[in-house]
Each structure stands twice: as C-alpha cells, then as structure tokens.
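Note that these values count all heavy atoms, side chains included, but never hydrogens, waters or copies made by symmetry.
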Amino acid sequence: MTTLYWGPHTCAIGIHVLLEEIGAPYDTVKMDVVGGESHRPPFNGVNPKEKVPTVVRDDGSVLTEYGTIARWLAYAHPEAGLLPSDRADEVHAQMMMDYAVGTVHAQGFGRIFKTAEFEPDDVVHGTLGLGLGNVKAQGRAMVEKGLGILAQELGQREWAGGTAFGIADTALFYVERWAPQVEIALPTPLDAHFARMKARPAVRRVMEIWGEPAG
Ligand SMILES: N[C@@H](CCC(=O)N[C@@H](CS)C(=O)NCC(=O)O)C(=O)O
C-alpha cells in the first residue's frame, strides 16, 4: 500500500489531499517534523533528503519531491483525472505547480520559516548588522511577488489546469494556506481558488485528520 510520511503544518498536506481525492487505500506515518524527527533515524534512512512529503510505494521504492509524487499519483490513478486532458492546459498547470513549490515555497516561505538556513547567525553577519530580519523581509517580498504571479497565471481559470481540479491545485492550496498564517494577503483570484479548495470534501477530510484549520 502507498504510504505517505507527513508532518503537521507542512506542504505534505497537498499530497494527502491527492490521496483522499483518489480514494484508494493508503497508509500514513505522522512525523514531528517541526521537532526535527525527519533528521533522525529511521526516517532519514527512508529519505536521506530528510523532507516530507515522502511516499513509499507498494514495491518499497521511495518517491520524493512534491511535483514528482503528485505526477506519479496522477499516472498511477488515471481514473481520478488529475491531469488536464489538453496538453497546453497541462503545461500551464505544471508551470504553476513548479513555481509554487520551487520559488514561492522553497525560496520565499523558506526564508520566513527556516530563516537561519539562509542567514547563518555568525560573527561576520552579526558585526555587519545583517540580522535574520532581513532574510525574513526578503522572504516576504518573494512570497508577495510570487503570489501575484500565480494570481495572474490563474487569471479567470477555476483550477490551474482550466475547468477541472488537478495535481497543481494542491500545490497552490498549501501556499495559499501558509500566506494568511504569516499575515500575507492573498490576491483575489488565489483567495477564490483557496475557497474552492476548502469546499472540496477531500480537503475537509484531510483538515479533520490533521486537526488544523484549513486557512
Ligand atoms: N523539495 C521538496 C521540499 C519539501 C520540503 O521542504 N518539506 C519540508 C516541509 S514543508 C520539510 O520536510 N522540512 C523538514 C526540515 O527541513 O526539517 C519537495 O518538493 O517535496
């Protein structure tokens, strides 16, 4: 059975939503990611990158990287219709997912949530007065700019791939979720997309399992 390793507050929520949307049986392993469990055995033996989401498949093979896991789930469950049928729509949705994960999350939110990884609190930086606050401010600016770009790319579309929900929407969902948590307002198209996501039964079920409010 497919097993998802996840931790509260993380981007793994989007993969959990996909598993619920698909509706096939799956297992989960809840980890204390904030407490550093991902950096310790046995998990760092499962995924040496020490990150969630991590998926272990039926044959024991491990998949990492948000977009890769999402795409594999879509391929493994074609009946769920998680990829747009039109190739141009599929490429557009992929562009949005890559940007949400690789830039808005990794670069922007990374600076806000994992500030010390971007600005070591060493003597030189301390002397120059380049404190961690600058990195956070830079992260906020990156998130604000990134959300603006995603909003433009979403435009009048209901979902990232057009008229049907798909894998990219779950990546939008988790960055949309994080923005209000750090008091960054969502541009109107993303706010509306976030509301559509929160109304999905699969999202409601995952929020209940995670015990967190959706927004
Ligand atoms: N490149 C990875 C990044 C995943 C990632 O950043 N996961 C975070 C949670 S949102 C994590 O596991 N952090 C644990 C840590 O760094 O201690 C992906 O696309 O899945």
* Which residues pass the salt bridge (Lys or Arg N to Asp or Glu O under 4.0 Å) test with K145, sequence neighbours left out? -> none
* **salt bridge (Lys or Arg N to Asp or Glu O under 4.0 Å) partners for E79, two or more places apart** => none
Please name the pair of heavy atoms, one in [X] and one in [Y], separated by the smallest distance, quoted to 0.1 Å.
X    : Y    : value
L4   : P53  : CD1-CB, 3.9 Å
V29  : T3   : CG2-CG2, 3.8 Å
G139 : R111 : CA-CB, 3.6 Å
M96  : A160 : SD-CB, 3.9 Å
G161 : R157 : C-NH1, 3.4 Å
V56  : V46  : CG2-CG1, 4.0 Å

Between [atom1] on residue [X] and [atom2] on residue [Y], distance to nearest 0.5 Å:
X    : Y    : atom1 : atom2 : answer
T103 : H105 : OG1   : NE2   : 11.5 Å
E50  : M31  : CD    : CE    : 9.5 Å
N44  : H39  : CG    : NE2   : 9.0 Å
T64  : K51  : OG1   : NZ    : 11.5 Å
H193 : L186 : NE2   : CG    : 11.0 Å
L190 : L147 : CG    : CG    : 6.0 Å

[X] side chain to [Y] main-chain N or O, any donor-acceptor pair under 3.5 Å?
X    : Y    : answer
K136 : I112 : yes
E212 : H9   : yes
H92  : E153 : yes

* To do: Apply side-chain contact (heavy atoms from CB on, under 4.5 Å) to L19 and V206, showing your working.
  => CA-CA 10 Å; L19 288 165; V206 170; over 6 Å; no
In terms of hydrophobic clustering (I, L, V, M, F, W, Y; side-chain heavy atoms under 4.5 Å; direct or indirect links), are [X] and [Y] co-clustered?
X    : Y    : value
V52  : M207 : no
F118 : M142 : no
Y26  : Y75  : yes
V62  : Y5   : yes
V55  : L83  : yes

* Of T10, V101, I15, V104, which is the lone residue that meets side-chain contact (heavy atoms from CB on, under 4.5 Å) with Y174? ->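 The single option meeting the side-chain contact (heavy atoms from CB on, under 4.5 Å) with Y174 is V101.
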* Salt-bridge contact K49-E65 (side-chain N to carboxylate O under 4.0 Å) -> yes
* To do: Identify whether the distance between the nearest side-chain nitrogen and carboxylate oxygen of R196 and D169 falls below 4.0 Å.
  =>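 Judged by the 4.0 Å cut-off on N to carboxylate O distance, R196 and D169 do not form a salt bridge.
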Contact check, side chains of [X] and [Y], non-hydrogen atoms, under 4.5 Å:
X    : Y    : result
R140 : I184 : yes
K30  : P8   : yes
L172 : W159 : no

* Asked: What's in the same ILVMFWY side-chain cluster as M95, cut-off under 4.5 Å, chained through other members?
  ->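 None; M95 is a cluster of one.
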* **Apart from M1 itself, residues in the same hydrophobic cluster as defined by side-chain heavy atoms under 4.5 Å** =>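 When side chains under 4.5 Å apart are linked, M1 ends up in no cluster with other residues.
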* Can you tell me if Y66 and T170 form a side-chain donor-acceptor pair at under 3.5 Å? -> yes
* Do you see a donor-acceptor pair shorter than 3.5 Å between the side chains of N134 and Q138? ->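 Looking only at side-chain atoms, Q138 and N134 do not form any donor-acceptor pair under 3.5 Å.
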* Over-ring placement of K198 relative to F194, 6.0 Å and 45° cut-offs -> yes
* For F109, check ring-ring contact (aromatic ring centres under 6.0 Å, His included) against everything at least two apart and list the hits. => F113, W178
* Taking ring-ring contact (aromatic ring centres under 6.0 Å, His included) as the test, write out the residues that go with Y99, two or more places apart. =>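 For Y99, no residue satisfies ring-ring contact (aromatic ring centres under 6.0 Å, His included) once neighbours in sequence are set aside.
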* Steps toward side-chain contact (heavy atoms from CB on, under 4.5 Å) verdict (I167, L73) -> CA-CA 9 Å; I167 56 174; L73 284 172; 5.8 Å; no
* Verify side-chain contact (heavy atoms from CB on, under 4.5 Å) between M197 and F165, making sure each step is shown before the conclusion. => CA-CA 9 Å; M197 285 298 295; F165 165 87; 3.7 Å; yes
* **Candidate pair E90 and R71, rule salt bridge (Lys or Arg N to Asp or Glu O under 4.0 Å), full reasoning** => CA-CA 11 Å; E90 183 187 345; R71 186 159 280 271; 3.1 Å; yes
